[in-house]
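Chain letters run A, B, ... following the sequence lines, proteins first, then strands; residues in each count from 1.
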2 protein chains.
Amino acid sequence: MRLKILNILKNNQDWVSGETLCRELGVSRTAVWKHVSGLREDGYRIEARANLGYRLTDAPDIPYPAEVMSGLSTSVLGLNLVHMEEVASTNAEAKKLAREGCPEGTVIVAETQKGGKGRLGRVWFSPRSRGLWFSIVLRPPINLVDTPQVTMVTAVAVATAVREHTGVPAGIKWPNDILVDGKKICGILVELNAEMDCVNFLVAGIGLNVNIKKNEFPPELADIVTSLEIESGQHIYRVPLLRCLLQHLEKWYHRWLNEGFAAVLNKWRQMCVTLDCPVTVHTIKETYSGYAVDVDDTGALLVRTGDGSVQRLIAGEVTLRKQA
Amino acid sequence: MRLKILNILKNNQDWVSGETLCRELGVSRTAVWKHVSGLREDGYRIEARANLGYRLTDAPDIPYPAEVMSGLSTSVLGLNLVHMEEVASTNAEAKKLAREGCPEGTVIVAETQKGGKGRLGRVWFSPRSRGLWFSIVLRPPINLVDTPQVTMVTAVAVATAVREHTGVPAGIKWPNDILVDGKKICGILVELNAEMDCVNFLVAGIGLNVNIKKNEFPPELADIVTSLEIESGQHIYRVPLLRCLLQHLEKWYHRWLNEGFAAVLNKWRQMCVTLDCPVTVHTIKETYSGYAVDVDDTGALLVRTGDGSVQRLIAGEVTLRKQA
């Protein structure tokens, strides 16, 4: 009902009479008044005048479904969007909805995460309303072995959207960290539920630092992370940014499914900031140093080590080595 | 408490007085009597005599924890075992327990499954108490790309246990169906929950047809499936068979983790009954015919097609082609 009132007010720049609202929605004047009060509590500015009715003068920059969907040009991603004030982690919520059978493209976005997770079990700092902390449920008809490609699809889409929407020169570190000037601005955590022959669902979790100031990061992160506000020098509205992200994510997701991985990989290579760089590699079995020379056509990182041989890295962590 | 009474009775071949049970367990005679009644309802035969006490004379062939664990020589698999009368599917139960953090090696075994699942969403026929329908939770420290190896580890262990325990000449069809004389006797469904860098957990579901008679299978399955009773000509006790399966599963699982995939693959090749056979391959993208010539060192099936080229099959379904 709130969403209906909001849509009517949005579609009328001018005043809408209480009578019109009652008639179109089939509810009483008292009911309309209660819903308007609820919308005001959510941050909407709605004027009310006797004889004139109601008028929407300002909407909050909070990724409520009504806000994000208004003007969203996707055909799948975000059509089912759930906004929550606080969650343990948006990936955990998304996995739960996916198990219960939610449609592909379902998005969970939260104002804050109390147990936000990065790769390898690390904590992800998710201060309230200062970033976009969201997860997307995908159900691609692919084999298990092709799932690592999804992380690179996601990285390409996020880096492209950030560049386009804010002008901040986002780059990619293998396989899917988004960096600006060597500092992390966005983390991506893809989780999956699969059989050997098919993927039941994937959840792509994205944590993008939007309006976090330098002194708001915990001291241990201060030198290695950044935000769009720091890099662009201005406050960034989250709702249009999320729309832009969903549009690019859908575009690259469908391009990958329809055209294959090669197109994604070409774009990924262009946006990668750690090729031809000295790196240290950490896997669950070993640690070694070398030069990141390229990715192969499955997305594995090729690292040339001291003895001239090339190691193929499928999973693991890469850190940039500072050269003397 | 029931388990404690059972253990005391099992450890004493002779009569155990009611007084002894009350003292050792710290409960009243009425309580002992109630628990003994419960055990009898579960199928245990317990004699009771005034002046002598209680004596266990027979235990049911039902995979209750107390039955399976008595004489089980594993160090991880089955130490936490949950028996259920009826479930939708043991894999679904196992995944739920795994998400809640159950220890590695947890086993769920059910008398019947109402929604038993095979690979690719197929139904698995699971008549009450006539088979071993169980799932094991594993948490191997491996990369996502190595998970298909688990299906082959499981197939090797199951085929070995069946041969050893019953003498039935079980063979393997790529990647992990267990066949006897071309008919399916056991299906294995591995599901996983993972990130790109690590596996959160795997669930290996095993459905083994034990004491199903030929005329008890649905007509559409009659020609393509079989059971241990049909093949061996005798009733097979499920509890010792499950112990044997768990022991072989643990042995091969640890061998794979400690020594690598090569040892598993050698054994798998020896037990495979479809190498050098004409096959039809069905993948999510295509269908083609050829000869299954070998598996490579990642477990992929190598199929030589009509034009002499060799296709590498990572995921899909293989059916044996009858030759003219």
Whatever's closer than 4.5 Å to a heavy atom in chain B on A/Pro141 counts as backbone
Sorted by chain and number, sequence neighbours left out, side-chain hydrogen bond (donor to acceptor under 3.5 Å, both in side chains) with B/Thr298 holds for B/Asp296, B/Arg312
With sequence neighbours left out, the residues meeting side-chain hydrogen bond (donor to acceptor under 3.5 Å, both in side chains) with B/Asp146 are none
Okay, A/Ile314 and chain B: the region with an atom under 4.5 Å from a heavy atom over there is side chain
Among residues 260-271 of chain A, those lying within the under-4.5 Å heavy-atom range of chain B are none
One should read off an interatomic distance between B/His282 NE2 and A/Asp197 CG, to the nearest 0.5 angstrom, of 12.5 Å
Here the gap from B/Arg99 atom CZ to A/Lys96 atom NZ, rounded to the nearest 0.5 Å, amounts to 10.5 Å
Okay, A/Asn200 and chain B: the region with an atom under 4.5 Å from a heavy atom over there is side chain
Taken in chain and number order and not counting sequence neighbours, the residues that satisfy side chain to side chain contact (heavy atoms under 4.5 Å, CB included) with B/Ala94 are B/Ile108, B/Ser135, B/Val137, B/Val203
Honestly, the part of B/Thr147 sitting under 4.5 Å from a heavy atom of chain A is both
Only residue of B/Asn176, B/Ile188, B/Val190 satisfying side-chain contact (heavy atoms from CB on, under 4.5 Å) with A/Met196 is B/Val190
Whatever's closer than 4.5 Å to a heavy atom in chain B on A/Leu202 counts as side chain
Assert top hit (heavy-atom pairs under 4.5 Å, partner chain A, pool B/Asn143, B/Asn91, B/Val150, B/Thr283) equals B/Asn143
